[in-house]
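Notes follow once the structure below has been shown.
When a ligand or atom number is given, it counts from 1 through the structure's own listing order.
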Amino acid sequence: MYRLLRKFYFTFPPERAHYMAMHQLQLFTRNRLGKSIIQSFTNAPLRETRFLNLKLKNPVGLGAGFDKNAVFLNELEALGFGFVEIGTVTPLPQDGNEQPRLFRLPADKALINRMGFNNDGVDQVARRLEAWRSKKAGSQEKYPLIIGGNIGKNKITPNENAWQDYAACFTKLHPFVDYFVVNVSSPNTPGLRELQDKEALRKILLNLAMINNGKAFAKPILLKIAPDLTREQIDDVIALALEIQLDGLVATNTTIDRSNLNTPATEVEAIGAGGLSGKPVQQKSTAIVQYITEQTNGAIPIIASGGIFTASDAKEKLAAGASLVQIWTGFIYEGPAIVKNICTHL
Ligand SMILES: Cc1cc2nc3c(=O)[nH]c(=O)nc-3n(C[C@H](O)[C@H](O)[C@H](O)COP(=O)(O)O)c2cc1C
């Protein structure tokens with residue numbers, strides 16, 4: 001069924017297809033009956049999972065960048081996700097890069113994107129999350145949808161002031177999300193990945209830890225890293241994570257590497273800059289999860305992201321040491337029953 005739908009959606013530019021599909025799903029899930037019909041197709045078997053202080057109905061989440069503005073939580077909940085990471089959110093709204101900025105590479109089951117943190121800004125996203133929380137207040141759900149807040153900096157903010165952007169997003173989203181991810185690994189904001197340097201990271205993360213400690217309920221803080229880090233850089237991240245008792249890592253974001261693709265080189269070159277996701281990043285991400293797990297004896301909790309399409313891909317990440325998995329590109333290629341399909345065979 002999804003094969004046909006996918007053929008249809010793939011006749012539209014990727015970004016347009018994304019919003020079209022989500023708005024169509026929204027039409028169905030707007031009322032209770034429609035939502036329960038969708039759920040009858042997507043209902044995933046329960047795979048209760050504990051992660052940090054969180055209880056999830058399953059370990060399969062949606063990666064950041066899919067619902068940047070927290071507008072599709074009801075729809076994503078209907079598709080069975082155990083958790084959804086909204087964002088990347090920045091303090092001020094941003095348009096992101098010029099379109100087209102999202103490209104399909106079907107021969108590689110991959111995408112290239114240079115979205116550039118297009119988002120409505122933290123104030124509006126916080127208001128939406130507040131509305132979601134108040135709609136859910138008093139509901140007796142045993143496994144409420146877990147929501148992560150992925151935070152970043154505005155393009156116009158110089159790197160030396162980046163810590164203030166992360167602090168602003170952290171403070172405003174704090175009451176409404178279950179965990180945070182500090183994103184310093186997107187290739188599409190100039191200079192952002194330099195913040196993966198140990199000293200820059202220390203400043204950002206220690207400041208967030210301080211704000212967190214002042215709250216009645218602290219929220220877990222994780223750091224999302226790029227798959228292109230050298231072993232030395234990963235060692236630095238590990239050392240810092242242990243030193244400041246970071247709650248965990250998200251491994252990994254998209255890659256800037258273009259090697260070993262089936263898509264003709266001329267086509268790839270014509271697409272230009274951006275982060276590559278999907279199957280080509282799978283092995284790299286798994287290797288990083290495995291490396292961190294081995295170096296730390298599993299002391300750092302990990303959410304794995306990169307090239308997960310099937311239950312066996314998810315199992316590969318869990319066997320490498322991850323506790324949870326996130327999908328993004330797999331959702332585009334496999335369709336709305338992906339969570340059910342993964343959970344059925346986990
Ligand atoms: C179009 C697109 C936009 C993305 N936006 C973000 C983002 O805003 N923040 C972020 O941390 N990751 C972002 N990502 C990265 C994904 O969350 C994920 O880490 C990456 O795509 C690897 O997983 P996958 O192979 O399952 O796609 C984006 C990915 C895509 C394809």
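N113 ND2, 3.3 Å is the protein heavy atom nearest to atom 30 (C) of ligand 1. Closest to atom 5 (N) of ligand 1 among all protein heavy atoms lies G65 CA, 3.2 Å. Summary of contacts: the protein heavy atom closest to atom 9 (N) of ligand 1 is T88 OG1, 2.7 Å. Counting protein heavy atoms only, atom 14 (N) of ligand 1 is closest to A64 O, 3.3 Å. The protein heavy-atom contact nearest to atom 8 (O) of ligand 1 is K68 NZ, 3.0 Å. Considering only non-hydrogen protein atoms, atom 26 (O) of ligand 1 sits nearest to W328 N, 3.2 Å.
Crowding of R231 atom CZ: a count of heavy atoms from other residues, nucleotides or ligands under 6.0 Å exceeding 12. More than 12 heavy-atom neighbours from other residues, nucleotides or ligands sit within 6.0 angstrom of CG on D123.
For the residue pair D313/Q282, the side-chain donor-acceptor check at 3.5 Å is satisfied. Between the side chains of T189 and K153, no donor N or O sits under 3.5 Å from an acceptor N or O.
Contacts between K224 and ligand 1 below 4.0 angstrom, taking non-hydrogen atoms only, involve the side chain exclusively. Residue-level proximity to ligand 1 for N253 is carried by backbone and side chain together, each with a heavy atom below 4.0 angstrom.
For N119, the heavy-atom gap to ligand 1 stays at 4.0 angstrom or more.
Under a 4.0 Å N-O distance rule, the pair D247/K219 does not qualify as a salt bridge. A salt bridge does not link E130 with R133: every distance from a Lys NZ or Arg NE/NH1/NH2 to an Asp or Glu carboxylate oxygen is 4.0 Å or more. Of the charged side-chain nitrogens involved, at least one lies within less than 4.0 Å of a carboxylate oxygen, so that R202 and E243 count as a salt-bridged pair.
The shortest distance between side-chain heavy atoms of N119 and T88 does not fall below 4.5 Å. Contact annotation: the side chain of I225 approaches that of I292 to within less than 4.5 Å [non-hydrogen atoms, C-beta and beyond].
Against a heavy-atom cut-off of under 4.0 Å, T329 is close to the following atoms of ligand 1: 24 (P), 25 (O), 26 (O), 27 (O). Near L102, meaning under 4.0 Å from one of its heavy atoms, ligand 1 places the atoms 1 (C). Residue G307 has at least one heavy-atom neighbour below 4.0 Å for each of these atoms of ligand 1: 24 (P), 25 (O), 26 (O). Below 4.0 Å from some heavy atom of S305 lie the following atoms of ligand 1, by number and element: 18 (C), 19 (O), 20 (C), 22 (C), 23 (O). For ligand 1, the atoms sitting less than 4.0 Å from at least one non-hydrogen atom of N150 are 10 (C), 11 (O), numbered in the order shown with element in parentheses.
In this structure, of S285, G330, S277, the residue bringing a heavy atom nearest to atom 31 (C) of ligand 1 is S277.
Considering backbone and side-chain atoms alike, N183 places an N or O below 3.5 Å from some N or O of ligand 1. Considering backbone and side-chain atoms together, M115 places no N or O closer than 3.5 Å to any N or O of ligand 1.
Nearest heavy-atom pair across K57 and L46 is O-CD1, 3.5 Å.
Residues H174 and F217 keep their aromatic ring centres 6.0 Å or farther apart.
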